[in-house]
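Report on one structure; see the data block that follows.
Just so it is clear, the values below take in all heavy atoms, side chains as well, and ignore hydrogens, waters and symmetry mates. Naming: A, B, ... by sequence-line order, numbering from 1 per chain. In this text the structure is predicted, and so the values were computed from the model without any measurement.
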2 protein chains.
Amino acid sequence: MTDPLTASTPLERALALLWGRDTRGSRGPARGLTLDRIVEAAIEVAEREGPAAMSLRRVAARLDVGVASLYTYVPGRAELEALMLDAVAIGRTLPHELPGDWRAKLTALAHDDWREIRRHPWVLELGAAEQVPGPNMLRWLDSALRIFDGTGLSETEKLSAIETVDAYVRGLGRLRGPEPRRADIASGTGSEADHDHDPGAEAGSEDTRERDQALGRLVDFDRYPALRRALAAGGTPYSGTPFEFGLERLLDGIEQLVLRRSP
Amino acid sequence: MTDPLTASTPLERALALLWGRDTRGSRGPARGLTLDRIVEAAIEVAEREGPAAMSLRRVAARLDVGVASLYTYVPGRAELEALMLDAVAIGRTLPHELPGDWRAKLTALAHDDWREIRRHPWVLELGAAEQVPGPNMLRWLDSALRIFDGTGLSETEKLSAIETVDAYVRGLGRLRGPEPRRADIASGTGSEADHDHDPGAEAGSEDTRERDQALGRLVDFDRYPALRRALAAGGTPYSGTPFEFGLERLLDGIEQLVLRRSP
DNA sequence: ACGAAACTCAGTATACCGTTCGGAGTTAAC
DNA sequence: GTTAACTCCGAACGGTATACTGAGTTTCGT
């Protein structure tokens, strides 16, 4: 019933796999692979060729194995993706162990989250479908909630606060563009100052510059006076300011709530 | 050179299409379709069958046309997606025309954004690849920037504020799961109170409930005490949706900045 | 007025993808 | 020793995007 390969719904299969309820017999030849090696290979493929290129065929090829063999270990692609997502949570530092008060911890959590997302953009692509929580993800979430120990926040508020920060970080990561490591939207004014200095974010890639020029050639920015002003000031539409700006606004807002709750 | 069908890079093709620099000859038979009708059909497909089901074949079938015919209008799938994304921006209300002060406008903007994303989840799926700005998107962005007219915010800060709110809304929309309309993380304690009451978000769908049960069967929640506590506190002291919670924290933070800028 | 260039459009081909099926070989259980 | 369970994999099915070819249609240049 909890056998991941025979369970009825794909959801149950994914859960059984994630939580290690793998009840298979002992007959037959020894297995040449392990689940961990498959997940590792899948992550490597996604890492170096992009999330779209992550196919069972490529994973199998990287493991020198036939495609069909993978189905002995994993029921299908969706389940493999769930395993990949939970696997990245292994490397995350547990937030409640960070030094400082809640704000320092939450800041570090957000930066860690941001770094992780910039390093492994494929997480954002996979994250949409079938978000099935695994043990590592839940452990991380549990730790994140403990950040607010001692503040007067209610349990629901703690959960919402974590969710909000996570939503912001992931949303920004997605706006920044996951795939070709883009940084900015075109300015067209030629003033594309780079004021993004957080680690892992390089600005002004080849693609970006090219697009900037093409856009500037086609668009009459006089039709967008406010936008023109913002661009002239060195900003860029969908990614101009550093990640830290939004994060600090968000933390300021949370801090107000904390102060209100514990006088 | 700006012909979308012969331009060298896919980026230039997309831009030329979006900005209407379609310089095609006048010979040959009359075209049976228009670009707008194709985009409209594509959106309809994505709307009712999910973003993954949006294929050129289905769009062509819906228009009673061969697949190859579409390629005389659109260079490829990526360009069609860019057109779809810009098309949804047509319906958006222009933020600067909203009533009230900047905070009221920004609140309305976020709610409008949220509503749009809950209604058209496919936007989040497509939004990743090749974010090429179209005229409608830039018009909306220009309007959004004008929200902060009169505040002392710098141009870059205005841009960042919009970006931050947008990132939060989209990120949350993605965390919530675009496809099977899920609501919360499973509780497993049986206390899965539904505290999501904004229009368009029904909580506790069939899938969610099923997953909750399966998860509760497999997971020992004693290993996650903080999480258990948060889940047990299903009754929410905060009167509002999780979306509004995060939004108000964010707006509080922005308000602090505004106050600091204009004394 | 008329040929030729330009254009639309469908069918076909290629190259991927996830998944299933059936068979061959291997091992543990009985 | 027989049998049942298990691993592995080639082949195939139905799906996708896209390229290419070729036939038919319309309008321009003369």
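- Terminal axes of the helix from C:dA1-D:dT30 to C:dC30-D:dG1 (five pairs each, C1' rotation axis) are separated by 10°, to the nearest 10°.
- With D:dC9, C:dG18, C:dG25 as the candidates, the nucleotide lying closest to the side chain of A:Y71 is C:dG18.
- Within the nucleic acid shown, A:V67 comes within 4.0 Å of at least one base atom, counting heavy atoms only.
- Between C:dT19, D:dA17, D:dC9, one nucleotide has an atom nearer to the side chain of A:R57 than all others, and that is C:dT19.
- As judged by a 4.0 angstrom heavy-atom cut-off over every strand, B:G66 is placed among residues touching the sugar-phosphate backbone only.
- The aromatic rings of A:H111 and A:F243 sit perpendicular to each other, their planes meeting at more than 60°, with 30° as the lower class boundary.
- For the pair A:L70 CG and D:dT7 C1', the interatomic distance rounds to 12 Å; values are reported in whole Å.
- A donor-acceptor contact shorter than 3.5 Å links the side chain of A:R77 to the backbone of A:M54.
- Judged purely by atom type and a 3.5 angstrom limit, B:D86 uses its side chain to pair as donor or acceptor with the backbone of B:M137.
- Looking at the side chain of A:P29, the nearest of the listed nucleotides C:dG25, D:dC9, D:dA17 is C:dG25.
- When the side-chain nitrogen and oxygen atoms of A:S55 are compared with OP1 and OP2 of C:dC17, one or more of them lie within a distance under 4.0 Å.
- When the P atom of C:dC9 is taken as reference, atom CG of B:L63 falls 11 Å away, rounded to whole Å.
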